[in-house]
Number of protein chains: 2
Amino acid sequence: MKKDTGKTKYILLGLMAKRPQTGYSIKKSIEYEFRHFWQESFGQIYPTLKILVDQGFAETSETETTQNGRRTITYTITERGQAELQRWLSEVPDVEKLRYEILLKVSFGTTTEPEIIDQHLDAFIARNEASLAEMEGFLTVFKDLEVHRTDILGSELTALCGKYLYTAMKDWAMEAKKRISDQKELQNETKNP
Amino acid sequence: MKKDTGKTKYILLGLMAKRPQTGYSIKKSIEYEFRHFWQESFGQIYPTLKILVDQGFAETSETETTQNGRRTITYTITERGQAELQRWLSEVPDVEKLRYEILLKVSFGTTTEPEIIDQHLDAFIARNEASLAEMEGFLTVFKDLEVHRTDILGSELTALCGKYLYTAMKDWAMEAKKRISDQKELQNETKNP
DNA sequence: CTGCTAATGTATCATAATGATATATTAGCA
DNA sequence: TGCTAATATATCATTATGATACATTAGCAG
């Protein structure tokens with residue numbers, strides 16, 4: 001009987017609050033704006049949309065065939081859905097969950113395989129620099145838009161978070177490389193005095 | 001037939017490579033050292049340990065009753081397990097997965113509920129400051145240890161990553177608070193000129 | 001105008017991960 | 001003596017992930 005949906009429910013409601021959405025457009029929106037901090041799969045999105053309708057938080061304007069002839073189901077948030085979104089917003093957010101595989105490798109491999117770890121760190125730095133550039137691109141776009149447009153502040157703060165995060169991770173990786181190479185030198189000195 | 005175990009397998013192997021472990025000690029080790037960047041549940045650990053034995057990557061020295069009389073199963077990494085660990089170490093690590101619920105709330109709520117978001121950000125800052133202090137505590141301990149001990153470099157780099165991360169997140173949240181309050185002021189000015 | 005690929009769209013499934021809970025023993029402490 | 005916390009193994013329902021299947025259409029190259 002207890003049909004709940006974890007956190008997926010709320011990102012769907014939040015996106016529907018901006019405009020009606022299809023399952024596909026929700027997936028694309030998350031990939032575009034939240035990819036770096038949140039991810040959802042079709043396997044979560046479609047079933048959750050159905051549950052939201054069951055619970056009265058969303059409505060379908062099922063246009064079996066759109067102007068193009070392609071079958072689409074558009075979901076719109078209801079008033080109850082709006083209320084549910086507000087209720088969730090006022091709750092204290094959960095502690096964030098991270099899974100940094102590179103950290104496991106660094107931790108387990110620095111002493112045995114310093115060269116490999118060094119390569120991983122190089123790739124990690126490149127990846128973080130790319131993300132950083134993406135975030136700065138967003139921020140430039142937002143800055144160019146009208147100052148008084150309040151509806152973009154949310155997106156701006158998301159990009160800003162990315163900027164801080166990716167800068168920090170890049171800096172960490174550079175420092176890590178240095179410490180690993182320092183250690184290697186130290187070991188060489190002890191061997192060949 | 002295809003019995004795989006995702007990433008859980010490798011953190012278990014990595015920890016077993018340091019010393020033989022029980023399921024419980026693995027859980028505690030992860031909570032102690034990797035909590036901030038990786039988490040595993042008993043629901044993953046115990047079944048995975050069995051699979052590792054099946055696959056020949058670990059061995060049990062099943063002491064049905066230890067010195068204390070409590071039943072424990074100690075798992076030791078095998079040579080095959082060591083090889084598997086090395087194989088994984090040399091693979092390019094996956095892109096990290098994050099789930100920052102606060103970011104969703106900030107994104108969906110800044111304009112409609114600025115006061116609530118401000119409170120969430122305060123709590124977020126406090127939480128990140130606490131984690132930062134924890135990381136700095138670790139780093140102090142490591143610095144006090146012998147310089148030539150290479151086996152702690154991994155742990156040190158983990159803590160350092162935390163230091164960078166939590167500093168960045170704290171700074172972001174402070175900046176976010178400022179921008180939200182700036183926006184509120186702007187709105188008030190337009191209302192009462 | 002034909003054929004190819006990419007994008008849009010809905011949907012499911014096996015696998016993996018989470019969180020809670022059950023069970024039992026022992027250590028420490030008031 | 002009785003309480004709570006820690007140690008230890010284990011399972012289960014719920015959630016989440018990643019891959020795949022299927023169908024249509026838009027755009028483009030030959």
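Below, chain A is the first sequence line, B the second, and so on; all start at residue 1.
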Take the protein atom CD1 of B:I51 and the nucleotide atom P of C:dA17, then report the distance between them rounded to whole Å.
10 Å
Check whether any side-chain N or O of A:T22 sits under 4.0 Å from OP1 or OP2 of C:dT10, and answer yes or no.
yes
Examine B:K9 relative to B:F57 and say whether NZ or CZ is less than 6.0 Å from the centre of the six-membered ring and inside a 45° cone about the ring axis.
no
C:dA17 phosphate, OP1 or OP2, under 4.0 Å from B:Q44 side-chain N/O:
yes
So that I can tick it off, tell me whether B:R127 and A:E96 are bridged by a salt bridge, with the cut-off set at under 4.0 angstrom between side-chain N and carboxylate O.
yes
Would you mind pulling out the nucleotide paired to C:dA30, Watson-Crick or G-U wobble, both distances under 3.5 Å?
D:dT1
Selection from C:dT18, D:dT17, C:dT10 that lies nearest to any side-chain heavy atom of B:K97
D:dT17
Closer to the 5' end of DNA chain D via nearest nucleotide, is it A:F42 or A:G6?
A:G6
Choosing from C:dT10, D:dT17, C:dT18, which nucleotide comes nearest the side chain of A:T72?
C:dT10
Between A:Q39 (CD) and D:dA19 (C1'), how many Å, whole number?
16 Å
Specify the separation, in whole Å, of atom CG of B:L98 and atom P of C:dA17.
16 Å
Spacing between B:I73 atom CD1 and C:dT25 atom C1', to the nearest angstrom:
15 Å
Figure out the CD/C1' separation between B:E96 and D:dT17, and round it to whole Å.
17 Å
Is the shortest side-chain N/O distance from B:R71 to OP1 or OP2 of D:dA10 below 4.0 Å?
yes
Any side-chain heavy atom of A:K7 within less than 4.5 Å of one from A:W38?
yes
For the residue pair B:H36 and B:Y166, categorise the inter-ring angle as parallel (less than 30°), tilted (30 to 60°) or perpendicular (more than 60°).
perpendicular
For a quick test of reading the model: is some side-chain N or O of A:K27 closer than 4.0 Å to OP1 or OP2 of C:dA11?
no
Aromatic ring pairing B:F138/B:Y32, orientation class (parallel under 30°, perpendicular over 60°, tilted between)
perpendicular
Is the phosphate of D:dT14, meaning OP1 or OP2, less than 4.0 Å from a side-chain N or O of A:K9?
no
May I ask you to verify if any side-chain N or O of B:T8 is less than 4.0 angstrom from the OP1 or OP2 atom of C:dA17?
yes
For atom NZ of B:K163, is the number of surrounding heavy atoms from other residues, nucleotides or ligands below 6.0 Å larger than 12?
no
Integer-rounded Å distance: C:dT8 P and A:Y24 OH
4 Å
Rounding to a whole Å, what distance do you find between B:Y32:OH and D:dA6:P?
16 Å
When all nucleic acid strands are considered with a 4.0 Å heavy-atom cut-off, which category describes A:G43: base, sugar-phosphate, or nothing?
base
So does B:Y46 get a side-chain nitrogen or oxygen closer than 4.0 Å to the phosphate oxygens (OP1/OP2) of D:dA10?
no
In whole angstrom, give the distance that lies between atom CD1 of A:I45 and atom C1' of D:dT15.
14 Å
Tell me which of B:R99 and B:S25 sits closer to the 5' end of DNA chain D, going by the nucleotide each one is nearest to.
B:S25
